[in-house]
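Notes for the one structure printed next.
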Amino acid sequence: MLIDLRELAGNERFEADVCIVGAGAAGISLARELGAAGRSVVVLESGGFEYEQATQALYDGPESGTLIRPGSKYLASTRLRLFGGTTNHWNGWCRPLDRETFTLRPWVDDVGWPLTREQLDPFYDRAAPLAQISPFDYDDATASQKLRLDNVIETVYFHVSPPTRFGLLYREELERRPRVQVLLHANLRRFETDREARHVTSAEARRLDGAAFTVRARHFVLAAGGIENARLLLANSDVRPEGLGNDHDLVGRYFMDHPHVRVGYLTFPYWDQLVARIYDPVYVESRRNSICGVMRVDSDQQIKRQLLNAVVVLDRLTKTDIRFLDADIARSVTDQLMLGANPPENRGKTYFGWATVHGEQTPNRDSRVTLDDEVDALGMRRAKLDWRLRDRDARNLLATARLLAERLGANGRGRMRFVASEDDLWERTQWSYHHAGTTRMHPDPKRGVVDADCRVHGIDNLYVAGNSVFPTCGSSNPTLTILALALRLSDHLQGRLAN
Ligand SMILES: Cc1cc2nc3c(=O)[nH]c(=O)nc-3n(C[C@H](O)[C@H](O)[C@H](O)COP(=O)(O)OP(=O)(O)OC[C@H]3O[C@@H](n4cnc5c(N)ncnc54)[C@H](O)[C@@H]3O)c2cc1C
């Protein structure tokens with residue numbers, strides 16, 4: 001059932017087993033699962049079905065940091081505040097996090113999950129159809145083996161979702177479920193808790209005109225996105241001035257995104273066009289989705305060389321690009337290889353592509369979301385972002401690209417021409433709209449905001465869904481993992497509701 005709060009008088013009360021805040025990828029997936037299991041659910045969604053400037057403006061806030069330039073508008077432009085959330089304009093690239101993302105890597109502080117990839121694999125399988133992609137072959141060694149450059153560089157795959165617009169695709173199903181109530185134009189304003197802030201009793205939602213509504217529930221889930229989840233915990237300061245779940249000053253800290261930089265271009269003179277096509281998104285009928293190969297440093301080699309995760313995405317250069325760019329460089333590279341022992345039989349087969357490295361950011365306590373003194377139209381303090389990358393993050397992007405260049409050369413497979421260097425790396429680097437880390441998962445309340453079940457430490461019925469719980473974000477885009485964790489949370493909540 002979908003209810004637009006603008007059609008109600010105000011002061012109405014709702015009741016449910018679970019109250020979910022936010023109807024984006026995480027909130028919709030969780031509501032579907034709980035609804036299908038017959039649980040009563042109320043979803044509070046700030047927006048309506050269309051983009052509305054006044055609602056979107058609730059996301060504005062001051063920002064600073066390594067990649068923030070004057071006029072950047074990172075907070076305002078990298079997320080969408082309407083039914084379906086940011087999936088209304090995501091690109092659909094999906095891939096589980098790599099195994100090493102979950103592990104402790106002694107050369108980087110604060111990494112690792114209290115979960116293993118094996119524990120998440122069944123949820124990745126269930127998550128794939130939600131994003132309209134086929135499940136991943138977790139044992140795809142045969143396919144990647146063929147495309148291994150050597151024992152250092154391997155090829156792995158992204159599945160590309162249509163991309164699924166969660167609001168459009170799942171609206172009708174949510175509308176049909178009698179025990180699911182999606183409240184539109186319902187902004188979470190605050191949680192009512194017991195005197196110790198150890199149990200949430202109700203949520204107060206507000207319309208933009210100030211009218212208030214109350215939702216009582218047994219469990220509450222914040223699914224408002226990687227920045228807003230932290231903002232909402234910090235803003236709930238009635239009982240505890242530091243905010244909810246913030247006994248150890250961790251909420252909002254460790255903010256991460258995936259920095260990505262076009263490092264240069266490469267040529268593969270010997271490459272068969274069929275192989276090169278693996279690096280373009282190509283629709284595969286048997287999978288019913290597009291698949292795109294990317295290159296990365298093999299896990300063992302990452303350990304040996306103390307690297308972080310990163311993937312190199314190739315974008316084929318068009319003929320015009322090649323002419324415009326630096327035809328002489330491209331040609332000289334081909335000529336260099338022609339001088340080698342195995343000149344290509346057909347020069348026309350040469351592949352030219354841009355190489356963009358998408359890297360993992362090291363968790364950084366000083367990279368954070370806090371609250372600004374200025375308030376939004378609901379009277380809530382705005383989110384303020386200070387997103388800090390470190391030299392180590394820059395070194396990792398370049399080291400990965402250099403290793404690829406070295407291995408291409410050593411194997412006589414191609415050459416890479418760098419356009420980026422240490423001197424201008426951050427100027428060339430872009431962000432990826434993947435807001436992670438601000439309510440990180442750790443079994444120890446002194447080191448994490450939520451436990452391995454995504455429950456806020458110290459509060460028995462408040463949970464968080466979304467990439468704010470990622471303690472380490474690897475180099476895969478986050479949404480498939482967000483979906484897998486939402487399904488896992490649904491199982492957990494159903495277990496608790498059954499007792
Ligand atoms: C241009 C772009 C391209 C992207 N491409 C990819 C990609 O290829 N692959 C990938 O994995 N990811 C991609 N992403 C990221 C992806 O969109 C997010 O990972 C995903 O949408 C996050 O889901 P979520 O449910 O956590 O948050 P969101 O989808 O942002 O949903 C949060 C919801 O909470 C609501 N809300 C916020 N505050 C409140 C409040 N106070 N009260 C009530 N409701 C509230 C919002 O209105 C929104 O509906 C992309 C993002 C962008 C911007």
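We number each residue from 1, following the sequence as shown. Side chains included, hydrogens not; waters and symmetry mates left out as well; all remaining heavy atoms used. Remember, predicted model here, so these are calculated numbers, not experimental data.
The list of salt bridge (Lys or Arg N to Asp or Glu O under 4.0 Å) pairs with a residue in residues 289-309, not counting sequence neighbours, reads Asp98-Arg296, Glu100-Arg296, Arg148-Asp298, Glu154-Arg296. Residue pairs meeting the side-chain hydrogen bond (donor to acceptor under 3.5 Å, both in side chains) criterion with at least one partner in residues 56-65, sequence neighbours excluded, are Ser64-Asp386. Applying the side-chain hydrogen bond (donor to acceptor under 3.5 Å, both in side chains) definition to pairs two or more places apart or across chains, those involving residues 356-370 are Arg105-Glu360, Gln361-Trp387, Thr362-Arg390, Thr362-Asp393.
A donor-acceptor contact closer than 3.5 angstrom links the side chains of His185 and Asp4. No side-chain donor-acceptor contact under 3.5 Å links Tyr170 and Ser29. No side-chain donor from either of His258 and Tyr433 sits under 3.5 Å from a side-chain acceptor of the other. Residues Arg165 and Thr87 have side chains that never bring a donor and an acceptor to within less than 3.5 angstrom of each other. Of the N and O atoms on the side chains of Asn289 and Tyr283, not one donor lies less than 3.5 Å from an acceptor on the other residue.
Here the CG-CG distance, from Asn229 to Leu222, works out to 5.0 Å after rounding to the nearest 0.5 Å. Rounded to the nearest 0.5 angstrom, Phe166 CZ and Leu174 CG are separated by 11.5 Å. Taken to the nearest 0.5 Å, the CG atom of Leu233 stands 6.0 Å off from the CG atom of Leu462.
The salt bridge (Lys or Arg N to Asp or Glu O under 4.0 Å) test with Glu374 singles out one residue from Arg381, Arg382, Lys384, and that residue is Arg382.
Annotation: salt bridge (charged side-chain N to carboxylate O under 4.0 Å, His left out) contacts of Asp238 (sequence neighbours excluded): Arg190. Applying the side-chain contact (heavy atoms from CB on, under 4.5 Å) rule to Leu8 yields the partners Ile3, Leu5, Glu12, Phe14, Phe213; only residues at least two apart in sequence or on another chain are considered. Judged as a ring-ring contact (aromatic ring centres under 6.0 Å, His included), and not counting sequence neighbours, Tyr51 has no contacts. Qualifying salt bridge (charged side-chain N to carboxylate O under 4.0 Å, His left out) partners for Arg126, counting only residues two or more places apart in sequence or in other chains: Glu33, Asp491. Take Arg488 and apply the salt bridge (charged side-chain N to carboxylate O under 4.0 Å, His left out) test, not counting sequence neighbours, and it matches no residue. Under the salt bridge (charged side-chain N to carboxylate O under 4.0 Å, His left out) criterion, Glu242 pairs with Arg240, sequence neighbours left out. Remark: His89 engages no residue in a ring-ring contact (aromatic ring centres under 6.0 Å, His included) (not counting sequence neighbours). Take His159 and apply the ring-ring contact (aromatic ring centres under 6.0 Å, His included) test, not counting sequence neighbours, and it matches Phe136. The ring-ring contact (aromatic ring centres under 6.0 Å, His included) search around Phe102 returns Trp113, not counting sequence neighbours.
At least one side-chain heavy atom of Leu232 sits under 4.5 Å from a side-chain heavy atom of Leu188.
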**OP:** Please report the C-alpha distance between Gln132 and Thr164 in whole Å, then the side-chain angles of each, then the deciding distance to 0.1 Å, and finally whether the side chain to side chain donor-acceptor pair (under 3.5 Å) criterion is met.
**Re:** CA-CA 7 Å; Gln132 299 172 286; Thr164 306; 2.7 Å; yes
**OP:** Report the C-alpha distance between Asp194 and Arg198 in whole Å, list the side-chain angles of each, state the deciding distance to 0.1 Å, and finish with yes or no for salt bridge (charged side-chain N to carboxylate O under 4.0 Å, His left out).
**Re:** CA-CA 6 Å; Asp194 65 5; Arg198 298 295 175 217; over 6 Å; no
